[in-house]
Amino acid sequence: DIKAAGGGTHRANHLCRMALLAPSSCSRADGYARRRPERTTLYQVLQENWRTFLSRAEEAGSGLPSFVREEVEAFLRCGLPQRGLLHLECPACGYQMVVAWSCKKRGFCPSCIGRRMSELAAHLVDRVLPLVPLRQWTFTVPHRLRYLMAYDKGLCSDVITAFVRALYRHLRAKAKRELGLCSVSDAHPGSVTFLQRAGSAINLHPHLHVPVLDGVYVVDGADEHPRFHVLSPPTPEQLVDIVDSTARRLETVLEARGLLGAGDDGESDALADEEPLLAACYATSLRNCDTVGDRAGQPSLRLVGEPPESSPSKRGVAVHHEGFSLHVGDQIDGRDRKRLERLIRYVARPPIANDRLRMRSDGDLTYTMKAPWSDGTRAVSMTALDLIARLCALVPPPRFHTVRYHGVLAAHAALRPLVVPASDDVETIDHDRVNALIGQLELFPLPDLPAAPRLSGGKVDITSPKGSSYI
């Protein structure tokens, strides 16, 4: 249960000290321990170099969009008790704890994106994905199109729509052929699309991860209840047809939007004209190059070892066609919910892991990949300012949706209530009790602690559930 956290400045000072002096090791039976973002290399790099990055941008006559600045500065407040906290106390045993507020951003915060990843994976496994076989489809576009997708949310929607339509056209045609259906409209596929912006080297790399039901639902005319039918695995020739259909559709879309030659030599670049610094971060991050310093525009230094041994039986099927690539993984049994949850956590993971970022003795940074590249690259080296440039490129613009539902899994699909898992065993949330607990919360002005970093003029915004604001 939640108690009011009132008491004025003295009370606020006491709670902040209580949080700051709390042991970082696990002291509870459930293993919970307050995270310490200020002790991570990522936080320290941003805290020490963010103002330098902004001042150099202003000297060059350019700046960053407000949504990028707000993302970085919110990360520097995330998890710090000085910047806002909640006091919790158990009325039965008297146990107390304080929980620092989080930034809840979507760009690169490992904690907030990791929490969203866990919540989304649990939601999809428990409430959305049916107990039927599933495959992961991974779709990658050429570098020129990645640059345009990084900022243009409308173009991202067009890319997703073109690929999903080509994929569904293939599944429906295969279902009609294999199941003997009268029409392709009798087959109902379903999928969830994840738009990932980052590559394994914290570089900008927009691509699609699409868990797709490995078959189609067909409505039985007798009882009008949909039944799932598994289809045969895709062949490389069929994958090429899907990629070719998507590429031709995207060429039409780019031509209609006037973007067919955007970014090429001699062609205008609207993003570079409007936001030159952000465009530079996009361009260098896409090519895995340095952005600032003496090595600006050159490929980032890499730690290369022996190439990994090629697996004799690579899982899935992959094709490359006209700069596009498409990979289809092995079939996953829908009854194996643990494996399915691992897949969702993988496609929704944060772009950076704190434990793989290290600062060397010379002040530069090394980020180690989870798995080596095919050429043996195991880590990439960069300066602190180059890391900030890469992080700026990963921040999605406002109202940039990264998870989308299609087919029978779409929100308003007529068959969705009949195919998603039953929620009889799921505990119902008592919204009246939740609202009553929220009404008990009392927010208070925070003291001016010297340990708090000064951001955006030194203002700390605290908004209560009722809309009142304290600065």
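Residue indices begin at 1 and follow the sequence shown. Hydrogens, waters and symmetry mates are skipped; everything else that's a heavy atom, side chains included, is used.
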K.L.:
Please confirm whether the backbone N or O of Gly107 pairs with a side-chain atom of Glu71, one donor and one acceptor, at under 3.5 Å?
P.N.:
yes
K.L.:
Measure the shortest side-chain to side-chain distance between Val45 and Trp50 over non-hydrogen atoms and say whether it is less than 4.5 angstrom.
P.N.:
no
K.L.:
Quick one: are Val380 and Leu303 in side-chain contact, heavy atoms under 4.5 Å?
P.N.:
no
K.L.:
Taking Arg197 for the side chain and Ala150 for the main chain, is one N or O donor matched with an acceptor at less than 3.5 Å?
P.N.:
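Yes; at least one donor-acceptor contact below 3.5 Å.
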K.L.:
Indicate the atoms forming the closest heavy-atom contact of Leu120 with Ala348, along with that distance.
P.N.:
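Looking at all heavy atoms of both residues, the closest pair is CD2-CB, 4.4 Å.
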K.L.:
Rounded at 0.5 Å granularity, tell me how far CG in Asn203 sits from CG in Asn288.
P.N.:
5.0 Å
K.L.:
Rounded to the nearest 0.5 Å, what separation is found between the CG atom of Asn354 and the CZ atom of Arg35?
P.N.:
9.0 Å
K.L.:
Please step through side chain to side chain donor-acceptor pair (under 3.5 Å) for the pair Thr402 and Arg106, ending with a clear verdict.
P.N.:
CA-CA 9 Å; Thr402 56; Arg106 306 180 300 153; 4.5 Å; no
K.L.:
For the backbone of Gly329 and the side chain of Arg135, can you confirm whether one donor and one acceptor N or O come within less than 3.5 Å of each other?
P.N.:
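Pair found, side chain donor or acceptor close to backbone of Gly329.
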K.L.:
Run Val328 and Leu239 through side chain to side chain contact (heavy atoms under 4.5 Å, CB included) and show every step you take.
P.N.:
CA-CA 9 Å; Val328 183; Leu239 297 187; 3.6 Å; yes
K.L.:
Should Leu129 and Val192 be marked as a side chain to side chain contact (heavy atoms under 4.5 Å, CB included) after you check the CA-CA gap, both sets of side-chain angles, and the distance that decides it?
P.N.:
CA-CA 9 Å; Leu129 297 176; Val192 182; 4.3 Å; yes
K.L.:
Before you tell me yes or no, could you show the steps for Arg390 and Thr291 under side chain to side chain donor-acceptor pair (under 3.5 Å), namely the whole-Å CA-CA distance, both residues' side-chain angles and the distance that decides it to 0.1 Å?
P.N.:
CA-CA 8 Å; Arg390 293 187 181 221; Thr291 307; over 6 Å; no
K.L.:
Would you tell me whether Gln331 and Asp214 have side-chain atoms, one donor and one acceptor, within less than 3.5 Å of each other?
P.N.:
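On atom types as modelled, these side chains qualify, holding a pair under 3.5 Å.
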K.L.:
Is there a side-chain contact between Arg378 and Val304 in this structure, where contact means two heavy atoms from C-beta onward sitting under 4.5 Å apart?
P.N.:
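Of all side-chain heavy-atom pairs linking Val304 with Arg378, none is under 4.5 Å.
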K.L.:
Say you draw a straight line from CG of Leu131 to CG of Asp336; how long is it, rounded to the nearest 0.5 Å?
P.N.:
11.0 Å
K.L.:
Any salt bridge between Arg295 and Asp386, counting N to O under 4.0 Å?
P.N.:
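No, this pair does not count.
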K.L.:
With a cut-off of 6.0 Å (strictly less than), are more than 12 heavy atoms of other residues, nucleotides or ligands near NE2 of His123?
P.N.:
yes
K.L.:
Could you pull out the closest heavy-atom pair between Asp330 and Gly316, with the gap in Å?
P.N.:
OD1-N, 3.3 Å
K.L.:
For Pro308 and Ser374, which heavy atoms make the closest approach, and how far apart are they?
P.N.:
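The pair with the smallest heavy-atom distance is CD-O, 3.9 Å.
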K.L.:
Indicate yes or no for a side-chain donor-acceptor contact from Arg349 to the backbone of Ile113 under 3.5 Å, with no hydrogens or angles considered.
P.N.:
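It does not hold such a pair.
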K.L.:
Mark yes or no for whether Arg345, through its side chain, and Ser118, through its backbone, hold a donor-acceptor pair below 3.5 Å.
P.N.:
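A pair under 3.5 Å: no.
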K.L.:
Looking at Asn49 and Thr52, would you say the former's side chain and the latter's main chain have a donor-acceptor pair under 3.5 Å?
P.N.:
no
K.L.:
Looking at every non-hydrogen atom in both residues, tell me the closest pair between Leu409 and Pro130 and how far apart they are.
P.N.:
CD2-CD, 4.1 Å
K.L.:
To the closest 0.5 Å, what do you measure between CG (Asp333) and CG (Leu134)?
P.N.:
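Here the interatomic distance stands at 10.5 Å.
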K.L.:
Just wondering, more than 12 heavy atoms not from Arg337 lying within 6.0 Å of its CZ?
P.N.:
yes
K.L.:
Quick one, Arg144 and Leu254 - any side-chain contact, counting heavy atoms below 4.5 Å?
P.N.:
yes
K.L.:
Please round to the nearest 0.5 Å and tell me the distance separating atom CG of Leu301 and atom CG of Asp290.
P.N.:
6.5 Å
K.L.:
Any side-chain to backbone donor/acceptor pair from Arg34 onto Met97? Under 3.5 Å, distance only.
P.N.:
no
K.L.:
Salt bridge (charged side-chain N to carboxylate O under 4.0 Å, His left out), that's the test. Do Asp152 and Arg257 meet it? Break it down for me.
P.N.:
CA-CA 11 Å; Asp152 192 336; Arg257 295 168 62 96; 2.6 Å; yes
K.L.:
Start with the C-alpha distance between Glu341 and Tyr346, add both sets of side-chain angles, then the distance that settles side chain to side chain contact (heavy atoms under 4.5 Å, CB included), and finish with yes or no.
P.N.:
CA-CA 9 Å; Glu341 184 175 1; Tyr346 167 74; over 6 Å; no
K.L.:
Please tell me whether Asp364 and Ser381 have a donor and an acceptor in their side chains that are separated by less than 3.5 angstrom.
P.N.:
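Side chains of Asp364 and Ser381: no pair found under 3.5 Å.
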K.L.:
For a side chain to side chain donor-acceptor pair (under 3.5 Å) check, start with the C-alpha distance between Ser191 and Trp137, then their side-chain angles and the critical distance, and finish with the verdict.
P.N.:
CA-CA 10 Å; Ser191 63; Trp137 296 61; over 6 Å; no
K.L.:
Is the shortest heavy-atom distance from the side chain of Ile352 to the side chain of Tyr367 under 4.5 Å?
P.N.:
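Yes; the side chains approach each other to less than 4.5 Å.
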K.L.:
Is the side chain of Arg116 donor-acceptor paired with the backbone N or O of Lys104 at a distance under 3.5 Å, no angle test?
P.N.:
yes
K.L.:
Of Tyr147, Phe163, Phe324, which is the lone residue that meets side-chain contact (heavy atoms from CB on, under 4.5 Å) with Val141?
P.N.:
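Exactly one pass, corresponding to Phe324.
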K.L.:
Please assess His205 against Gln196 for the test side chain to side chain donor-acceptor pair (under 3.5 Å), listing each intermediate value before the final yes or no.
P.N.:
CA-CA 7 Å; His205 178 39; Gln196 273 277 3; over 6 Å; no
K.L.:
Using a strict 4.0 Å threshold on nitrogen-to-oxygen distance, state whether Arg51 and Glu73 make a salt bridge.
P.N.:
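Looking at Arg51 and Glu73, the cut-off is met.
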K.L.:
So which atom in Tyr43 and which in Leu76 form the shortest heavy-atom distance, rounded to 0.1 Å?
P.N.:
OH-O, 3.1 Å
K.L.:
I'd like to know if Asp375 pairs up with Arg302 as an ion pair, taking the criterion as any Lys NZ or Arg NE/NH1/NH2 lying under 4.0 Å from an Asp or Glu carboxylate oxygen.
P.N.:
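Salt bridge: yes.
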K.L.:
Would you say the side chain of Phe53 lies within less than 4.5 Å of the side chain of Leu64, judging by non-hydrogen atoms?
P.N.:
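Contact flag for Leu64/Phe53 side chains = yes.
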K.L.:
Please say which of Arg360, Arg356, Arg358 ends up in a side chain to side chain donor-acceptor pair (under 3.5 Å) with Thr366.
P.N.:
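For Thr366, the side chain to side chain donor-acceptor pair (under 3.5 Å) test succeeds with only one of Arg360, Arg356, Arg358, which is Arg360.
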K.L.:
Is the cationic atom of Arg404 (NZ for Lys, CZ for Arg) positioned less than 6.0 Å from the six-membered ring centroid of Phe194 and within 45 degrees of its normal?
P.N.:
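Verdict for Phe194: no cation-pi partner in Arg404.
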K.L.:
Locate the shortest heavy-atom distance separating Cys78 from Ser102; write the atom from each residue and the value.
P.N.:
SG-CA, 3.7 Å
K.L.:
Would you please test Leu85 and Val99 for side chain to side chain contact (heavy atoms under 4.5 Å, CB included) and show each step?
P.N.:
CA-CA 5 Å; Leu85 55 84; Val99 179; over 6 Å; no
K.L.:
Answer yes or no: is there a side-chain heavy-atom contact under 4.5 Å between Thr193 and His406?
P.N.:
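Side chain of Thr193 against side chain of His406, heavy atoms only: contact under 4.5 Å found.
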K.L.:
Could you give the distance from CD1 (Ile202) to CE (Met369), rounded to the nearest 0.5 Å?
P.N.:
8.5 Å
K.L.:
Counting only N and O atoms by type, is there a donor-acceptor contact under 3.5 Å from the side chain of Tyr282 to the main-chain atoms of Arg146?
P.N.:
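A pair under 3.5 Å: no.
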K.L.:
Is Leu391 close to Leu46 at the side-chain level, that is, under 4.5 Å between some pair of heavy atoms?
P.N.:
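A side-chain contact under 4.5 Å exists here.
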K.L.:
Would you please say whether a donor-acceptor pair under 3.5 Å links the side chains of Arg249 and Thr161?
P.N.:
no
K.L.:
Aromatic contact between His327 and Phe139, with the criterion being ring centroids under 6.0 Å apart: yes or no?
P.N.:
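Between Phe139 and His327, which both carry aromatic rings, the centre distance is not below 6.0 Å.
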K.L.:
If you draw a 6.0 Å radius around CG in Asp362, do more than 12 non-hydrogen atoms from other residues or ligands fall strictly inside?
P.N.:
yes
K.L.:
Can you label the angle between the His209 ring and the His207 ring as parallel, tilted or perpendicular, going by 30° and 60°?
P.N.:
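If you compare the ring of His209 with that of His207, the planes turn out perpendicular.
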